[in-house]
Amino acid sequence: MGRLDKLYIGTNTKMYKTTSEICSYLSRLLALTRDIPDEILELFVLPSFTSLDAAKKTVKDSKLRIGAQNMGWEEKGAFTGEISPAMIGEAGADIVMTGHSERRRILRETNQDEEKKTARALKNGFTALLCIGEDMEEKEYGICDEILRIQLKTALHSVTQAQAERLWIAYEPVWAIGDNGTPASESYANERHSVIKETLRNLYGDKTGSDIPVLYGGSVNNRNAEALIRMPFIDGLFIGRSAWDAADFAGIIRAVLPVFREKRRRGT
Ligand code: PGA
C-alpha cells in the first residue's frame, strides 16, 4: 500500500481543550470511528503539551495518532519554557507539527525556526507535519506560489529523502484560518497543492516527492470538505473549529471517506 492510499485527516485543538476535555473528546471520537478500517484512514489529534500523556493513554492501541503542536529545536539545554523531543516522545506523541501560522504570526517564528524544528523532529523519528501558507497581502501581490516554494525549501533545507518518508505538509492559507477566515475554494486550494507537490518532487525526486501527503486546512467544514477531497492534489484535511466536537468531526470523516475512495478508485 502506498502512503496516499489512506485519507489523512486530523485536528489541532490549539489552546482550547483541558486534559479532561481532550480525554472525553478522544473517547467519543474513538467510539464514533472504531469501525473504520485502519488501512483507509490516518486519523490524528494534536492536543496541548500538558495533555499528551493522558491523550495517548486514552487512545492506546487504536489507529488514532497523537501529536504535539510545537517542539523546541534543540535536544536539551537552557531553553526555559521549551519542550524537548525526548519529552514529547516520552508522553507518547509520534507527530510534531511545525510552522502553524499562529506560531509564525503571533509567536514570531521564522522560516529558519521551522527549518530547525522540522529537522529536529524528523531526526528524532517523529512524523513532521509542516504547515505552510501565504497571507492575504502575499495573495494580493500574486506571489503565493513563490511564498510556498520559499517556505518549503527553507524548512526542508536539511531534510533528507529518507526522512521525507515521514513528512506531511499542511497547506493553510493564513486568510482562510479561524473565525475571520474565508475558506479557499477547492480549485484555488488544488492549484496551490499542485505547486507544493511539484516543489516536493523537485526536492525529493518523483517517487518520494509524489508520495508526501499534502493536507488542506483553513475553515474546513461539513459544507466544503467533500468538494475539497474530490480534488486530485488534496490528500487530506487539517481541521480546526469544525472538528472540536467529536460527532461533528466523525460526521465530516464519514462524509469524505466515500468521496476519497471513489477518487482513488478512478486513479486520481
Ligand atoms: P480552522 O483552523 O479550521 O478553525 O480555520 C485551521 C487551523 O488553524 O489549522
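One-based numbering, in listed order, for ligands and for the atoms of each. Since the structure is predicted, the reported quantities are computational estimates derived from the model, not experimental observations.
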Side-chain donor-acceptor pair present, Glu146, Tyr141, cut-off under 3.5 Å: no
Sidechain-backbone polar pair: Gln69 side chain, Lys14 backbone, donor-acceptor under 3.5 Å: yes
For the pair Lys207 and Asp211, find out whether any cationic side-chain nitrogen is under 4.0 Å from an anionic carboxylate oxygen. yes
Would a line drawn from the ring center of Trp175 to the ring center of Tyr188 be shorter than 6.0 Å? yes
Provide, line by line, the atom pairs where ligand 1 and the protein bring an N/O atom each to a distance under 3.5 Å; else say none.
from     : atom 1 : to     : atom 2 : distance (Å)
ligand 1 : 3 (O)  : Ser219 : N      : 3.4
ligand 1 : 3 (O)  : Gly240 : N      : 2.9
ligand 1 : 4 (O)  : Arg241 : N      : 2.9
ligand 1 : 4 (O)  : Arg241 : NE     : 2.6
ligand 1 : 4 (O)  : Arg241 : NH2    : 3.4
ligand 1 : 5 (O)  : Gly178 : N      : 2.9
ligand 1 : 5 (O)  : Ser219 : N      : 2.9
ligand 1 : 5 (O)  : Arg241 : NH2    : 3.0
ligand 1 : 8 (O)  : Lys14  : NZ     : 2.7
ligand 1 : 8 (O)  : His100 : NE2    : 2.8
ligand 1 : 9 (O)  : His100 : NE2    : 3.2
ligand 1 : 9 (O)  : Glu172 : OE1    : 3.2
ligand 1 : 9 (O)  : Glu172 : OE2    : 2.6

Ring pair (Phe, Tyr, Trp, His ring centres under 6.0 Å) for Phe44 and Phe238? Distances and angles first, verdict last. CA-CA 9 Å; Phe44 63 98; Phe238 190 34; 5.8 Å; yes
Throw together a table of side-chain donor-acceptor distances under 3.5 angstrom for residues 242-252, partners on residues two or more places apart or in other chains.
from   : atom 1 : to     : atom 2 : distance (Å)
Ser242 : OG     : Val220 : O      : 2.9
Trp244 : NE1    : Thr11  : OG1    : 3.1
Trp244 : NE1    : Asn12  : O      : 3.0
Trp244 : NE1    : Gly240 : O      : 3.2
Asp245 : OD1    : Ala247 : N      : 3.0
Asp245 : OD1    : Asp248 : N      : 3.0

